[in-house]
Amino acid sequence: MPKLKRLLVSACFEIAQRRRHCSRNQEHVISQSDKCLVVKENMAKHNYCLECAALILQKAKEELDGLAHELARKDDVSHIVIKSEQEL
């Protein structure tokens with residue numbers, strides 16, 4: 001069976017080993033020993049403070065929910081089409 005396509009990028013929470021700046025807002029400082037979201041894209045690592053991480057995760061959830069809703073709606077439409085064809 002073919003390998004499934006991964007929709008999400010590689011991401012995890014880490015404890016900062018040194019002072020960092022948030023990749024979304026350079027004014028947000030991630031201090032040493034603070035928890036932060038690290039997103040790995042290609043060969044780069046992007047660090048996000050918890051405030052921005054919450055916004056990023058909320059947006060990702062909304063996008064995934066939208067895709068799931070579209071999938072469910074497509075299943076409903078397919079079911080209606082099949083039922084209509086059976087009635088003919």
Side-chain angles (χ1 to χ4, degrees):
M1 177 178 274
K3 185 176 175 183
L4 284 175
K5 173 73 176 154
R6 187 173 180 171
L7 186 59
L8 302 176
V9 297
S10 178
C12 63
F13 283 97
E14 292 182 357
I15 303 298
Q17 298 299 308
R18 60 179 174 78
R19 185 174 185 257
R20 306 174 183 184
H21 288 278
C22 178
S23 294
R24 181 173 180 266
N25 184 337
Q26 291 293 312
E27 293 178 7
H28 294 176
V29 175
I30 303 165
S31 299
Q32 183 177 359
S33 77
D34 282 355
K35 190 175 188 179
C36 62
L37 176 66
V38 178
V39 178
K40 298 174 187 173
E41 294 180 284
N42 299 325
M43 299 296 283
K45 281 186 174 183
H46 301 283
N47 305 298
Y48 300 95
C49 67
L50 294 181
E51 179 183 340
C52 292
L55 296 171
I56 292 167
L57 293 175
Q58 179 60 37
K59 183 175 181 189
K61 182 181 182 314
E62 289 169 3
E63 290 174 358
L64 288 172
D65 289 345
L67 286 172
H69 181 71
E70 282 184 44
L71 177 63
R73 188 175 51 192
K74 183 181 181 328
D75 288 345
D76 291 343
V77 171
S78 298
H79 178 70
I80 292 168
V81 170
I82 292 169
K83 186 176 179 182
S84 297
E85 288 176 356
Q86 290 174 349
E87 291 173 356
L88 295 175

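Computed from a predicted structure; not experimentally measured.
No single ILVMFWY cluster, assembled from side-chain heavy atoms under 4.5 Å apart, contains both L55 and L50. Cluster membership for V29 and Y48, using ILVMFWY side-chain heavy atoms within less than 4.5 angstrom, is not shared. A single hydrophobic cluster is not seen to contain both L64 and L57; linkage of ILVMFWY side chains at heavy-atom distances under 4.5 Å, directly or through other members, places them apart. Linking Ile, Leu, Val, Met, Phe, Trp and Tyr residues whenever their side-chain heavy atoms come within less than 4.5 Å leaves V39 and L8 in two separate clusters.
No option in R24, R20, H28, H21 other than R20 meets the side chain to side chain donor-acceptor pair (under 3.5 Å) test with N47.
Here the shortest heavy-atom pairing between A44 and H46 reads CB-NE2, 3.9 Å. Shown here for C22 and C52, the closest heavy-atom pair between the two residues is SG-SG, 3.7 Å.
The CD atom of Q17 lies 11.5 Å from the CG atom of D34; values are rounded to the nearest 0.5 Å. Taking SG of C49 as the reference point, atom CG of L37 lies at 9.5 Å (rounded to 0.5 Å). Atom SG of C12 is separated from atom NZ of K45 by 7.5 Å, given to the nearest 0.5 angstrom. Note that CD of E62 and NZ of K59 are 9.0 Å apart. Values are rounded to the nearest 0.5 Å.
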Stepwise side chain to side chain contact (heavy atoms under 4.5 Å, CB included) check, Q32 with R19: CA-CA 5 Å; Q32 183 177 359; R19 185 174 185 257; 5.6 Å; no

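The local environment of CD in E27 is sparse, with at most 12 non-hydrogen atoms from other residues, nucleotides or ligands closer than 6.0 Å.
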